[in-house]
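Here's the structure we're looking at; comments come further down.
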Protein chains: 2
Amino acid sequence: MENLREIFQIMTRRFGLLDKNCCTAGGVDISLVQSHIIYEIDRKHNPSIQQVADSLAIDVTTFSRQVQSLVKMGLVKKTPLPEDRRIHILNLTTEGKYIATVIDGQMNVYLKEVFSHMSEFEQEMVINSIKLLNESMAKSSVCCTPLG
Amino acid sequence: MENLREIFQIMTRRFGLLDKNCCTAGGVDISLVQSHIIYEIDRKHNPSIQQVADSLAIDVTTFSRQVQSLVKMGLVKKTPLPEDRRIHILNLTTEGKYIATVIDGQMNVYLKEVFSHMSEFEQEMVINSIKLLNESMAKSSVCCTPLG
DNA sequence: AATTAATACTTGCAAATTGCAAATAATATA
DNA sequence: TATATTATTTGCAATTTGCAAGTATTAATT
C-alpha cells in the first residue's frame, strides 16, 4: 500500500484552508474554534459545557472562556440545569442559529464546488468512503475517541 | 445529496485528534505546527522560508519565528542561498530527519490501524477517493490554492 | 445532620502563538 | 546613484493556551 500519510496530510491541510474561509457571517467575525463550537452546540441537543469540550477535545478551561466570549457576543446562551445546577446547558441564540446556518450553507457551497470536479459516480464513491472512514475511526483505538 | 459538511466536519476533526498524538519522538516534544513544518521541509527540496510558509498557509512572520525555534532545537538548518542571499533555504538536520521519520512511521501505524477495520476492497476505494478529493481541491477555486 | 468526596465549572497566572506594521538586508530597476 | 522590489526579521500588543487552584453544587459516608 502506498504512503497513506502523504495523501491524508494533504487532504486535511486543504480542508483546514477551506475551513478558515468560513468565519464571517452577517457582519460578525468569529474564529475557527468558535465556528466549530457553534457547529457542535447546534448539532447536539442542549449539551453541557463538559460534553462539547470533550467532543471537540478542547481543554475545559479554555472552552469555558470561549463560551464566555460567545455569550458576550450574543451567539450562545448558558443556562444552569434545574435538576443539577453544577451543569450548564448551552444553546444558540437566534443570532447564533443564524450564524450557524449561514456558515453551514457557505461550507456546503464550497464542498459542492469541490465535488463539481468529479463525475456522479465518483461523488458517490467519495461520500461513501468518507462515511466508511468515519466509522473506522470511531472503531479505532488509536485516536478519535471523543465525539459522538 | 446528503449533508456534505457533516461528514467532512467529523472526519477532519477526527484526523485532527489523530494528528495531535504525533508530536513526541525520541524524547523530543514538538507542537503540531512544528510537526507540519518538519513534514513539509522534508517533502520539498531545499525550500525557502517563503515557500514553506505559503504551502502551510501560515503568516510569514509567525513562520519565521517557528523556524527560529526549530533551529534552536537543532532540528532545522537555515542557510542563505548563495545566488540570492535574501532567500534562506531550509533543511532538516540529522536529528530533524530522525524525528520526521519517527513521526511518519507512527502516523502510518495509526492510519493502518484505522484501515484495518475495512475490507481490502474498501481500503482501495477509500484511498482512491482521497486522491480524487485532493485533485478536486487542487482544481477548486474556493480554497486550498496554496500547497503543491 | 454533618463531613467528606466527587463533579461541573470558573479564575489566576504565565507561557506560547498569533498578525500587523515597521525595520533590515539583499537584489533588481531606472 | 537613487529607487523600487523581494525575502526575511523584529517590535509590539492581543489572543489563546493549559495547569493549578478556586468556587459551587450534588452525592456518599459516617
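The analysis underlying the following values was restricted to heavy atoms, covering all of them including side chains, and did not include hydrogens, waters or symmetry mates. Letters go in sequence order (proteins before strands), and every chain restarts at 1. If you're wondering where the values come from, they're calculated on a predicted model, not measured in any experiment.
- Atom P of nucleotide D:dA24 and atom NZ of A:Lys78 are separated by 14 Å, given to the nearest angstrom.
- Map A:Gln51 and B:Val33 each onto its nearest nucleotide of DNA chain C; the residue landing nearer the 5' end is A:Gln51.
- A:Ser48 places no side-chain N or O within donor-acceptor distance of the main-chain N or O of A:Ile89, the cut-off being under 3.5 Å.
- Taking only side-chain atoms of A:Gln50, from C-beta outward, the nucleotide of D:dT8, D:dT16, C:dC9 with the closest atom is C:dC9.
- Panel note: side chain B:Asn134, backbone A:Ile7; a donor-acceptor pair is recorded below 3.5 Å.
- Within residues 66-76 of chain A, the residues that place at least one heavy atom under 4.0 Å from DNA chain C are, in residue-number order, A:Gln68.
- Side-chain atoms of B:Glu40 do not come within 3.5 Å of backbone N or O of B:Val52 as any donor-acceptor pair.
- Checked against A:Ser136 for a side chain to side chain contact (heavy atoms under 4.5 Å, CB included), the options B:Gln123, B:Glu113, B:Met118 give a single hit: B:Met118.
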Could I get a table of every N or O pair under 3.5 Å where one atom is in the protein and the other is in nucleotides 19-22 of chain C?
from   : atom 1 : to      : atom 2 : distance (Å)
C:dG19 : OP2    : B:Thr62 : OG1    : 2.9
C:dG19 : O6     : B:Arg65 : NH2    : 2.9
C:dC20 : N4     : B:Thr61 : OG1    : 3.1

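- Between the CD1 atom of A:Ile89 and the C1' atom of C:dT7 there is a distance of 14 Å, given to the nearest Å.
- Listed by chain and number, the residues in a side-chain hydrogen bond (donor to acceptor under 3.5 Å, both in side chains) with B:Arg85 amount to none (sequence neighbours excluded).
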Which atoms of nucleotides 24-30 of chain C (N or O only) lie under 3.5 Å from a protein N or O atom, and what are those distances?
from   : atom 1 : to      : atom 2 : distance (Å)
C:dT27 : OP1    : B:Arg85 : N      : 3.3

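- In terms of modelled atom types and a separation under 3.5 Å, the side chain of A:Ser140 and the main chain of B:Val114 share no donor-acceptor contact.
- Each salt bridge (Lys or Arg N to Asp or Glu O under 4.0 Å) pair with one or both residues in residues 121-136 of chain A, not counting sequence neighbours, appears once here: A:Lys131-B:Glu2.
- Counting to the nearest Å, the C1' atom of D:dT16 and the NE2 atom of A:His36 are 16 Å from each other.
- The interatomic distance linking B:Asp54 (CG) with D:dA7 (P) rounds to 9 Å, in whole Å.
- Remark: the backbone N or O of A:Asn91 is not paired with any side-chain donor or acceptor of A:Asn46 at under 3.5 angstrom.
- Between B:Ser64 and A:Ser31, the residue anchored closer to the 5' end of DNA chain D is B:Ser64, taking for each the nucleotide with the nearest heavy atom.
- Distance CD1 (A:Ile49) to P (C:dT7): 18 Å, rounded to an integer number of Å.
- Atom-to-atom, CD1 of A:Ile30 to C1' of D:dT16 comes out at 16 Å; the value is rounded to the nearest Å.
- Taking atom CG of residue B:Leu56 and atom P of nucleotide C:dT17, one finds them 15 Å apart after rounding to whole Å.
- Residues forming a salt bridge (Lys or Arg N to Asp or Glu O under 4.0 Å) with A:Lys78 (at least two apart in sequence, or on another chain): none.
- For A:Val60, the listed nucleotide lying nearest its side chain is C:dT10; candidates were C:dA8, D:dT9, C:dT10.
- Between the side chain of B:Asp42 and the backbone N or O of B:Lys97 there is no donor-acceptor pair closer than 3.5 Å.
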Check against side chain to side chain contact (heavy atoms under 4.5 Å, CB included), A:Phe15 and A:Leu111: CA-CA 10 Å; A:Phe15 270 109; A:Leu111 287 169; 3.4 Å; yes
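- Remark: C1' of D:dT9 and CD1 of B:Ile87 are 15 Å apart, rounded to the nearest angstrom.
- Here the side chain of A:Ser55 pairs a donor or acceptor atom with the backbone of A:Gln51 at under 3.5 angstrom.
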